[in-house]
Amino acid sequence: MNEQQGNTAQESIGDIARRLVAADSGGWTPEGVRALAAGLGWAWAGTADAPVLITGRSSGDARLRPVGDYEKRYTDGESYVELAVPVADPAPDAAAQAAAFRAAKEEVTAALGKPSVMGSHGDMGPFYDSEPLWGAPFLRWRGRPDTLELRAGKSGPELVLQPTDPAENWFWRQGVGEEHAISGFFGSNRDQANVGLGFPGGWTARSWETVTRSLGDFLGALPAETTALGIRIGMPLYGRDGRSAPLLFDVVCGDRLSIACFAPDEVDPAALGWGTVAEFPHTASVFGDDGPVWRVDAGGPGEPKGRALAEMLVATARAAGANDPTDVIIGGEAGYVDDYHVTYYGLGLPTG
């Protein structure tokens, strides 16, 4: 191992982030990427289809993603669309993965400042890649011509250097309106780096089964993702009943997921699975002892039973008079998380 590789093995996550942001990718051509690897002090290995850069780090070597059939329609002369560097190797459970991501976030933020973009890839990562089951949070330091992303990888957090245009072109072109066309959520702030950032159109759920699936996926991963990102989401959900659209649920998630129910008097929440503060004492810190009577504490990272929660919410909404999936409305307040404006693409529900 040469001296640069030896130093790399001891580098902090923040130092690696600084070096990746400062690196010249040379247009992501074969020659440019080989020069990038040499400048980083990483040896080239692997095969043409799966090239690897040997970093000497215990968390693993870096991987290059060549342009293939799924990527080429979004590129303009690039031969590679990602350089992914694993930065930690935590245990596989959701709590350990979320904690490792959060620790990496703190280091990179200290080195580069606040990310300009944050969110979750949901169940479909860039260029149709599969994502970890526990959650798919990401933070992005957008730049030109390249962007650095902290991403939940298959075995732990990764720093991913990527050409900006292909990744954003892929995301923008998913807004085709078909059910589940985009998953997860996407938030951006007023950072100057986001000038020119495009946003895809969304999609609309057309059946209660679609709502159940999308809501279940969202709720099941939510506390792991909010813990990893270091954010707190407050999402009121309103239910249109033919006359008005009163508040029906309040979804609150930081390091735990709590949901309150405001069903009308003719609905029996207990029969649908809701409990009280006596049954879910953790919710007292969120809704108070004397707040909404009906509530549920779904737990922390890896604990929520997403499908069961979604079935309970859908059954309650229908019992409260919602006749169509578009009768469940995300409150506009949910779109403001810290300094980010967030769109919940994966839910397929209207916002109002």
Side-chain angles (χ1 to χ4, degrees), residues 1-68 70-72 74-75 77-90 97 100-101 103-113 115 121 125-127 129-132 138-167:
M1 182 182 295
N2 64 32
E3 183 178 351
Q4 281 184 302
Q5 288 172 320
N7 290 339
T8 297
Q10 305 302 320
E11 277 185 311
S12 70
I13 297 172
D15 288 337
I16 294 175
R18 287 192 191 94
R19 290 219 294 149
L20 288 172
V21 166
D24 181 1
S25 59
W28 295 88
T29 63
E31 298 79 12
V33 171
R34 284 188 176 272
L36 168 66
L40 292 168
W42 298 345
W44 193 282
T47 66
D49 292 335
V52 171
L53 302 184
I54 300 174
T55 66
R57 294 180 62 83
S58 61
S59 51
D61 294 319
R63 307 180 314 278
L64 281 162
R65 181 167 183 163
V67 171
Y70 288 122
E71 299 87 3
K72 63 184 178 183
Y74 310 107
T75 59
E78 296 92 352
S79 296
Y80 302 92
V81 290
E82 288 182 356
L83 169 61
V85 186
V87 294
D89 186 24
Q97 291 284 329
F101 187 101
K105 172 209 170 178
E106 299 300 334
E107 288 199 47
V108 181
T109 300
L112 302 181
H121 290 302
F127 311 110
D129 201 4
S130 60
E131 295 301 294
F138 70 88
L139 298 163
R140 196 173 291 164
W141 288 261
R142 186 175 189 253
R144 289 286 181 184
D146 299 327
T147 287
L148 184 69
E149 180 171 296
L150 176 64
R151 181 185 303 170
K154 301 295 189 296
S155 59
E158 299 177 341
L159 284 171
V160 182
L161 186 67
Q162 55 192 353
T164 300
D165 286 342

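Every value quoted in this text rests on a predicted model; they were computed, and no experiment measured them.
- No donor-acceptor distance shorter than 3.5 angstrom exists from the side chain of T109 to the backbone of E106, with no hydrogens or angles considered.
- Of all the heavy atoms in E107 and G14, the pair that sits closest is OE1-N, 3.6 Å.
- Put simply, the side chain of P166 reaches to within 4.5 Å of the side chain of E78, judged on heavy atoms.
- In summary, the side chains of W42 and D61 do not present any donor paired with an acceptor at a separation below 3.5 Å, with no hydrogens or angles considered.
- With a 4.5 Å cut-off on side-chain heavy atoms, P66 and P51 count as touching.
- In terms of heavy-atom proximity, V67 sits nearest to E71 at C-OE1, 3.8 Å.
- In this structure, W141 and L150 have side chains that are in contact, with non-hydrogen atoms separated by less than 4.5 Å.
- Contact check for R144 versus D165: side-chain heavy atoms found under the 4.5 Å cut-off.
- Listed here is the closest heavy atom pair of V81 and Q162: O-CB, 3.3 Å.
- Atom OG1 of T164 and atom CG of L148 lie 10.0 Å apart (nearest 0.5 Å).
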query = Are L20 and L40 close enough, and set up right, to give a side-chain contact (heavy atoms from CB on, under 4.5 Å), and what steps lead you there?
reply = CA-CA 8 Å; L20 288 172; L40 292 168; 4.1 Å; yes
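- The side-chain heavy atoms of L139 and F101, taken from C-beta on, include a pair separated by under 4.5 Å.
- Not a single donor-acceptor pair under 3.5 Å links the side chain of E158 to the backbone N or O of G153.
- The CG atom of L36 sits 10.0 Å away from atom CZ of R19, with the distance rounded to the nearest 0.5 Å.
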task = Take R57 and E11 through the side-chain contact (heavy atoms from CB on, under 4.5 Å) test and state the conclusion after the steps.
result = CA-CA 9 Å; R57 294 180 62 83; E11 277 185 311; 4.2 Å; yes
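- Contact annotation: the side chain of H121 never approaches that of D129 to less than 4.5 Å [non-hydrogen atoms, C-beta and beyond].
- In this structure, F138 and V160 have side chains that are not in contact, with every pair of non-hydrogen atoms separated by 4.5 Å or more.
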query = For K154 and S130, what are the C-alpha separation, side-chain angles and deciding distance, and is it a side-chain contact (heavy atoms from CB on, under 4.5 Å)?
reply = CA-CA 9 Å; K154 301 295 189 296; S130 60; 3.6 Å; yes
key: Chi angles and distances behind the side-chain contact (heavy atoms from CB on, under 4.5 Å) call for L161, W28   = CA-CA 11 Å; L161 186 67; W28 295 88; 3.9 Å; yes
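- Nearest heavy atom pair, residue E131 against residue G125, reads OE2-CA, 3.2 Å.
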Between side-chain atoms of residues 83-90 and protein atoms elsewhere (two or more places apart, or another chain), which donor-acceptor pairs fall under 3.5 Å?
none

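- Heavy-atom minimum distance, G60 versus T55: O-OG1, 3.2 Å.
- With rounding to the nearest 0.5 Å, the separation of CZ in R151 from CG in L159 is 10.5 Å.
- The heavy-atom pair separating Q97 from G156 by the smallest distance is OE1-CA, 3.3 Å.
- Ring planes of W44 and Y80: perpendicular class, angle over 60° (limits at 30 and 60°).
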